[in-house]
Number of protein chains: 2
Amino acid sequence: MILKDNNIKITPQRLVVLEYLDKNCTHPTADEIYSYLKKKNPSLSKTTVYNALETLSKHGIIQSLTISGYELRYDLDHGMHHHFYCKICGRIVDIELKCPNVEKMKKYGHEIEEIHGYIKGICKKCLKEKDKK
Amino acid sequence: MILKDNNIKITPQRLVVLEYLDKNCTHPTADEIYSYLKKKNPSLSKTTVYNALETLSKHGIIQSLTISGYELRYDLDHGMHHHFYCKICGRIVDIELKCPNVEKMKKYGHEIEEIHGYIKGICKKCLKEKDKK
DNA sequence: ATGTTAAATTGTAATGATTACAATTTAGTA
DNA sequence: TACTAAATTGTAATCATTACAATTTAACAT
Ligand SMILES: [Mn+2]
Ligand SMILES: [Mn+2]
Ligand SMILES: [Zn+2]
Ligand SMILES: [Zn+2]
């Protein structure tokens with residue numbers, strides 16, 4: 001399994017956090033993950049959720065999104081994709097676009113570890129709500 | 001001038017904030033802007049800097065970058081470009097790449113207001129420092 | 001030029017996500 | 001089963017940003 005593969009100690013807390021991210025592609029916050037898991041794991045600490053997320057991030061198993069600007073969102077790292085953030089409802093949705101710039105980046109001489117494409121605006125759903133008024 | 005063009009009330013505070021961003025392409029934080037300007041404008045309030053930055057952002061004169069994840073950075077909006085963030089020294093540098101995906105985004109039906117390309121890693125300079133060890 | 005007023009500025013207090021830390025528990029190994 | 005380094009937990013601290021109320025001022029009308 002992915003934890004053992006990365007020499008990460010297997011703990012029930014890390015397992016449920018990872019499982020949550022696997023089943024919920026909503027790009028949740030640490031607090032959303034914590035609040036949900038707390039129900040069935042009453043002893044779970046929010047610090048543990050933060051620690052687990054940090055460990056998983058460092059190993060490249062998940063990635064943190066800085067898209068909203070006031071909280072981190074988390075995402076299982078399943079291949080390169082971009083994100084759309086709705087300024088009204090706050091939802092973050094995947095955008096399946098290739099980034100053709102990865103190659104060109106090499107000429108700058110920096111070591112590249114992450115690439116994030118963030119698109120912000122008003123989502124289809126919120127646009128319709130607006131029209132009603 | 002750009003403030004008058006956008007129907008923004010012209011105040012000395014807004015002028016110095018704008019001038020600072022025009023002369024400093026370092027993608028500074030609100031606090032960096034405040035600390036520097038405070039020296040020659042002792043009555044300046046940090047809240048005013050935040051307010052000015054928000055007003056300028058809303059009118060699309062500047063943009064805020066969420067790249068670092070724990071503070072906002074500000075940038076005069078001079079044409080589409082991307083950003084590289086060094087995880088070691090924290091510097092943010094411009095990356096002059098076109099984004100060919102803008103057009104393709106239209107098919108999703110969302111209203112696009114901002115596009116951010118964030119690349120994260122270790123900058124050339126910090127890589128050299130690392131090698132020395 | 002002066003007066004008016006809605007908006008901007010200021011200082012302080014509050015917020016809220018994240019991190020620090022010390023005590024306790026536990027996963028992995030022998 | 002016992003050992004130990006690492007993980008978990010709960011609480012307190014941090015720090016960027018926002019809320020708010022009192023004061024000042026830019027823009028406009030007289
Ligand atoms: Mn995603
Ligand atoms: Mn820039
Ligand atoms: Zn929306
Ligand atoms: Zn660097």
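Throughout, a chain's letter reflects where its sequence line sits, starting with A, and its residues are numbered from 1.
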Over all atoms of both residues, closest heavy-atom pair of B:Val49 and B:Ile33 = CG1-CG2, 4.2 Å

Over how many whole Å does the gap from A:Tyr34 atom OH to D:dT11 atom C1' extend?
-> 12 Å

Which is it for A:Lys58 and A:Glu54 under the salt bridge (Lys or Arg N to Asp or Glu O under 4.0 Å) test, yes or no, and what are the steps along the way?
-> CA-CA 6 Å; A:Lys58 273 192 181 152; A:Glu54 163 141 34; 3.5 Å; yes

Can you tell me how far C1' of D:dT25 sits from CG of B:Leu3, to the nearest Å?
-> 16 Å

How about A:Leu76 and A:Ile62: do any of their side-chain heavy atoms sit closer than 4.5 Å?
-> yes

Length of the line joining A:Asn41:CG and D:dA7:C1', which is rounded to integer Å = 15 Å

Bend angle of the helix from C:dA1-D:dT30 to C:dA30-D:dT1, from helix axes over five pairs at each end, nearest 10° | 40°

Rounded interatomic separation in angstrom, taking OH from B:Tyr70 and P from C:dA17 = 19 Å

5′-ward residue of the pair B:Gly69/B:Ala52 relative to DNA chain C = B:Ala52

Count the heavy atoms of every other residue, nucleotide or ligand shown that sit under 6.0 Å from NZ of A:Lys125, and state whether that count exceeds 12.
-> no

B:Ser43 (side chain) and C:dT10 (base): donor-acceptor pair under 3.5 Å | no

What residue among A:Arg73, A:Gln63, A:His83, A:Arg91 forms side chain to side chain donor-acceptor pair (under 3.5 Å) with A:His27?
-> A:His83

All N/O contacts under 3.5 Å from nucleotides 27-29 of chain C to the protein, with atom names and distances to one decimal?
{"from": "C:dA27", "atom 1": "O3'", "to": "A:Ile10", "atom 2": "O", "distance (Å)": "3.2"}
{"from": "C:dG28", "atom 1": "OP1", "to": "A:Ile10", "atom 2": "N", "distance (Å)": "2.8"}

Within the pair B:Thr48 and C:dT10, is there a side-chain N or O less than 4.0 Å away from OP1 or OP2?
-> yes

List the steps, then state whether ring-ring contact (aromatic ring centres under 6.0 Å, His included) holds for B:Tyr118 with A:Tyr118.
-> CA-CA 8 Å; B:Tyr118 295 154; A:Tyr118 295 155; 5.4 Å; yes

Can you tell me if B:Arg14 uses its side chain to pair, donor with acceptor, with the backbone of B:Lys9 under 3.5 Å?
-> yes

A:Arg14 has an atom CZ; how far is it from atom P of D:dT9, in whole Å?
-> 11 Å

Protein-nucleotide distance (A:Asn51, atom CG; D:dA5, atom C1'), rounded to Å = 15 Å

Length of the OH-P vector between B:Tyr50 and C:dT15, whole Å | 18 Å

Answer yes or no: is there a donor N or O on one side and an acceptor on the other, between the side chain of A:His81 and the main chain of A:Asp94, under 3.5 Å?
-> no

May I have the distance from B:Lys46 (atom NZ) to D:dA16 (atom P), rounded to whole angstrom?
-> 7 Å

Decide yes or no on ring-ring contact (aromatic ring centres under 6.0 Å, His included) for A:Phe84 and B:Tyr108, but give the supporting numbers first.
-> CA-CA 10 Å; A:Phe84 176 86; B:Tyr108 284 91; 8.3 Å; no

